[in-house]
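Here's the structure we're looking at; comments come further down.
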Amino acid sequence: MAKELPKTYDPQSFEDRLYKFWNDNGCFKPCGDKTKPTYTIVIPPPNITGQLHMGHALDNTLQDILIRWKRMSGYDTLWVPGTDHASIATEAKIVAAMREEGLTKEDLGREKFLERAWDWKEKYGGRIVSQLKKMGSSCDWSHERFTLDEGCSNAVREVFVRLYNKGLIYRGERIINWCPHCRTSISNAEVNYETQKSHFWHIRYPLVGGEGYLEVATTRPETLLGDTAIAVNPADERYKDLIGKYCVLPLVGRRIPIVGDEHAQLDKGTGCVKITPAHDPNDFLVGKRQHLPMEVCLTEDAKITDNYPKYAGMDRYEARKAILKDLEEGGYLVSIEDLDHEVGTCYRCGTTIEPMISLQWFVKMVPLAEPAIAAVKEGKTRFVPERFDKNYYRWMENTQDWCISRQLWWGHRIPAFYCDACGETVVTKDSSAVCPKCGKPMRQDPDTLDTWFSSALWPFSTLGWPEKTDDLKRYFPTNTLVTGYDIITFWVSRMIFSSLEYMGEVPFDTVLIHGLVRDAQGRKMSKSLGNGIDPLEIIDKYGADALRFALATGNSPGNDMRFSDEKIEAARNFINKIWNAARFVLMNLDIEEVALPAADKLELEDRFILSRFNTVISDVTAALERYELGVALSKLYDFIWDVFCDWYIELVKPRLFAKGTESNLVAQNVIAWVLSSAMKLLHPFCPFVTEEIWQTLPHTGLSIMISDWPKASDALSFPVEEAQMSRIIDVITAIRVRRAEMNVQPARKTHLFVSGDPAVFNEKATPFFVRLAFASAVDYPAAHEDDTAVRIVTDSATVLIPLADLIDRDKEIARLTKEKDAAQNEITRLSAKLNNAGFLAKAPAAVVDAERAKLAAAQAKLDNIESSLAKL
RNA sequence: GGGGGCGUAGCUCAGUUGGUUAGAGCGUAUGCUUGACAUGCAUAAGGUCAUUGGUUCGACCCCAACCGUCCCCACCA
């Protein structure tokens, strides 16, 4: 006797148990079978700063769907999990937590601070891992990695040293983006721009030794303190003669030269630009070209330096006010103009960044970007959807050198050592370096690396690189990277150029891009709006399968999606539907094992469902191969609910209830086989419920997770019977429609007279009409004589229902006449198409044949209608 | 200033190389305790596929323009 399922679907009762079952049985590990092809995914490592949010839930659902599908499809699969130390984000959180205790980093010192950071990692890194498990993620936890673990750190040092020796990493004074709040440099990619209302202030700079002055416009009057020149365009007739002369810097009194430089544009403003080389990226370049001094006037926390006593210690905005006031009083301020200004802000804390001249480490990008662009152009790595390659090219082609040093403690320490005695610099993996020149101990650079520097190595550092490990040989390059479009520049592009540089090949063949998960109103989920939906709460309430279903359905690659109660409820309802269908099947099952019966034992509805299922296998598999996971899922949804539950189960019920017959055994086997196989197709999307059902059904093998993915086959294809069954279904539907229109109570059963193709419409169809079309009895006359009955006409049959009391003859005639007109219009339309020489000549034969078949069907229907009308 | 997405039923969205009379979920209406499921069953209403042209035997789909909307990139003093 078959097992049973509990009456209500309660995901809480089995999800955790099944996850443990899989884990205990090693189902997540690669099978290691060398005869199988490999399929590898590396997880985008979640930051240890927080907990799982909807973006992670989506990202990991998609990855798990792919890896589970490939695992069942005969691949040796590896999904490498892990977490990211997220240097600036984590450090900011720890510093904030310390502030609660009244502590600063400096109070603690580097060692103690790092101890705290590691404690943080244990706590929050562990939490996010358990949350990933809750989602059902089938990662191989024995491969779990952390971007700051020993292996990744070794990879980071190796890369740094190699790039340095190759001249691709250098240290230099450049203008960098400085965050005065985080007190560190950040890369260009970490700067967000936002529009702020501001002003152009027009200021006069008096000429030295003359009466006149030059007028400049600026959005940043406080940087005037750092001005070291005024630039005019050398071709500008207005100022040509002033080049080489001097201005007096207002308020400061310093003499600054007037230089000729292309940076100054003739048609912009007054044509004169103040040059602040230490605090503006463009001015920095002008300063280099013109050999100007770099005058620093702002400190690391964006206050005025002690060089300017009047303003020293003032915050940059305070100083702006004070300086403007003094300019006005001194008669230097000419005018004020309103302006919308794009201002760079720190992507972590939102503070307005301050461009500053600073000594930092950089990666030279152009030599790395070129092969990375070529690799994608050559199709070695493919973006899905394809359009995202434009983002990638755009960024890669315009990339500037990457500032990688950070004035933070939580991260990979830069493996550069300085000799204070002789000034030597050594870059080495050896942490106890002594100066090769003078033998004195060396001081390691205090800074750490941009967190993305280690993320860039993730696809191979996690597999053991720089060691030549077996994992690396077998599982690299990986196959699919699944990530959001917001991270293409930060991460995807850097992995590609890194992998090309060190591994000599691309890190993955496909990048599957997904969008953002938004709230029901389409807003971005954010802490400040308080509109975030916690995936864990959703799992508690609806189960992980429902969450996964809701995330995988109804969206296509690269597009944002909305998450709503409506959606999660629809998902839960579907799973509940499956649960109950499985329950029903099990209630009627007394076979010990499931085997697909020989074809000659199969009845019409069996062949119909198998044939439809065969199509679903192909459709779902094809959609997955195209990364259209939402399409694959909707095909399954339609099949399971509309075809399997609503039709097949209903059609086969009489046989399932008639125990002790061969037909009953055939029905049991078919229904169980289709259910079991459908669970396999659904398993990647809803792993828990499909496993629970599969294990309850008679089965062989340990887990559905490692069962074989169904294969479409000619043995399952019965096009003739599929079409025949469809005709019966059409007639049943037509009867229901007529009865509903006429408000016939369901309790009122009637005799049916069905005439049509005797191969289809014969006594074998009677149970279907009895159960599904309110029939008390069915006859299959060759022709209809009763002119007092309701007439229903399809293209394959005519049905008479003796409901004389409900008939209005005139209305019947009117209705049939209307249908006749419709059929005639259809015939006219199709005939016109089939008489079009262009169509016949150019359309594919299959299309033409299909149109001819339609015409024949329409003609048959018209004939049926006409003969019915003749009877009235 | 560049680049890209989106615009399809009241709402949220699908629509697989161009090939009937464009689909789903939710919502709405009507009727149902039908031997699993009311988290259900049956039936229905609801769309000039933003607009205008073009290509084609044939366009929701390809091309151009335009309107609306969202996003990304960018050093505009």
Side-chain angles (χ1 to χ4, degrees), chain A residues 5 7-9 175 188 193 200 216-220 231 263-265 268-276 280-285 341-342 344 355 385 387-388 390-391 394-395 398 485-486 488-489 515-516 520 522 553-556 558-562 564-567 569-588 619 622-623 626 628 630-631 634-635 637-638 642 645-646 649-650 653 656-657 733 736-741 743-747 771-772 774 822 825-826 829-830 833 836-844 846-848 850-851 854:
Chain A
L5 287 171
K7 190 158 167 54
T8 51
Y9 164 61
I175 285 275
N188 293 341
Y193 288 89
F200 253 142
V216 302
T218 181
T219 53
R220 306 222 34 210
H263 171 62
Q265 292 178 35
K268 223 165 220 180
T270 58
C272 306
V273 191
K274 71 194 250 328
I275 301 297
T276 321
D280 180 280
N282 289 312
D283 294 2
F284 176 78
L285 296 175
H341 193 44
E342 291 290 312
R387 64 184 139 89
F388 286 99
K390 288 196 187 68
N391 280 15
R394 201 154 193 79
W395 189 77
N398 299 309
Y485 57 69
D486 50 337
I488 293 173
T489 50
L516 264 41
T553 196
N555 77 94
S556 48
N559 291 344
D560 289 353
M561 62 174 301
R562 301 187 189 204
S564 60
D565 288 348
E566 206 176 79
K567 208 166 222 169
E569 276 168 19
R572 187 267 321 268
N573 293 353
F574 174 62
I575 297 167
N576 182 64
K577 181 77 182 175
I578 297 169
W579 184 262
N580 279 291
R583 227 160 54 79
F584 173 79
V585 169
L586 285 160
M587 285 165 63
N588 292 285
D619 288 354
R626 292 193 304 264
E628 290 171 1
V631 173
S634 96
K635 299 258 184 203
Y637 179 98
D638 291 345
D642 299 341
C645 291
D646 288 350
I649 287 182
E650 297 304 331
K653 268 179 181 173
L656 283 180
F657 297 153
T733 303
R736 287 171 176 172
V737 172
R738 269 314 279 139
R739 288 178 55 112
E741 279 171 5
N743 294 314
V744 184
Q745 289 302 301
R771 286 197 66 86
L772 305 173
F774 313 97
N825 285 342
E826 177 74 354
R829 194 181 60 80
L830 288 165
K833 198 167 190 179
N836 180 332
F839 177 70
L840 293 176
K842 295 186 180 173
V847 173
V848 176
E851 297 297 301
K854 278 176 231 158

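A, B, ... follow the sequence lines: proteins, then strands. Residue 1 opens every chain.
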Contacts of A:Arg394 meeting salt bridge (charged side-chain N to carboxylate O under 4.0 Å, His left out) (sequence neighbours excluded), chain-then-number -> none
Could you work out, with salt bridge (charged side-chain N to carboxylate O under 4.0 Å, His left out) as the rule, every residue matching A:Arg626, not counting sequence neighbours? A:Glu628
So, using side chain to side chain contact (heavy atoms under 4.5 Å, CB included) as the criterion, who are the partners of A:Glu566 when residues are at least two apart? A:Ser564
Annotated protein contacts, base or backbone, on nucleotides 7-14 of chain B with a non-hydrogen cut-off under 4.0 Å, one of B, S, - each: -----SSS
Would you write out the dot-bracket form of RNA chain B, 5' to 3', with Watson-Crick and G-U pairs under 3.5 Å, [ ] for crossing pairs, | for pairs to other strands and . for unpaired bases? (((((((..((((.....[...)))).(((((.......)))))......((((..]....)))).)))))))....
Set of residues satisfying salt bridge (charged side-chain N to carboxylate O under 4.0 Å, His left out) with respect to A:Arg562, sequence neighbours excluded: none
For A:Lys854, check side-chain hydrogen bond (donor to acceptor under 3.5 Å, both in side chains) against everything at least two apart and list the hits. A:Glu851
Under 3.5 Å, which N/O atoms of the protein pair with N/O atoms of nucleotides 33-35 of chain B?
none

Under the side chain to side chain contact (heavy atoms under 4.5 Å, CB included) rule, collect the residues that match up with A:Asn576, sequence neighbours excluded. A:Tyr9, A:Asn580
Please enumerate all residues that pass side-chain hydrogen bond (donor to acceptor under 3.5 Å, both in side chains) together with A:Lys635, with sequence neighbours excluded. none
Residues two or more places apart in sequence or in another chain: which of them pass salt bridge (charged side-chain N to carboxylate O under 4.0 Å, His left out) with A:Lys653? A:Glu650
Partner residues of A:Ser556 under the side-chain hydrogen bond (donor to acceptor under 3.5 Å, both in side chains) criterion, sequence neighbours left out: A:Asn559
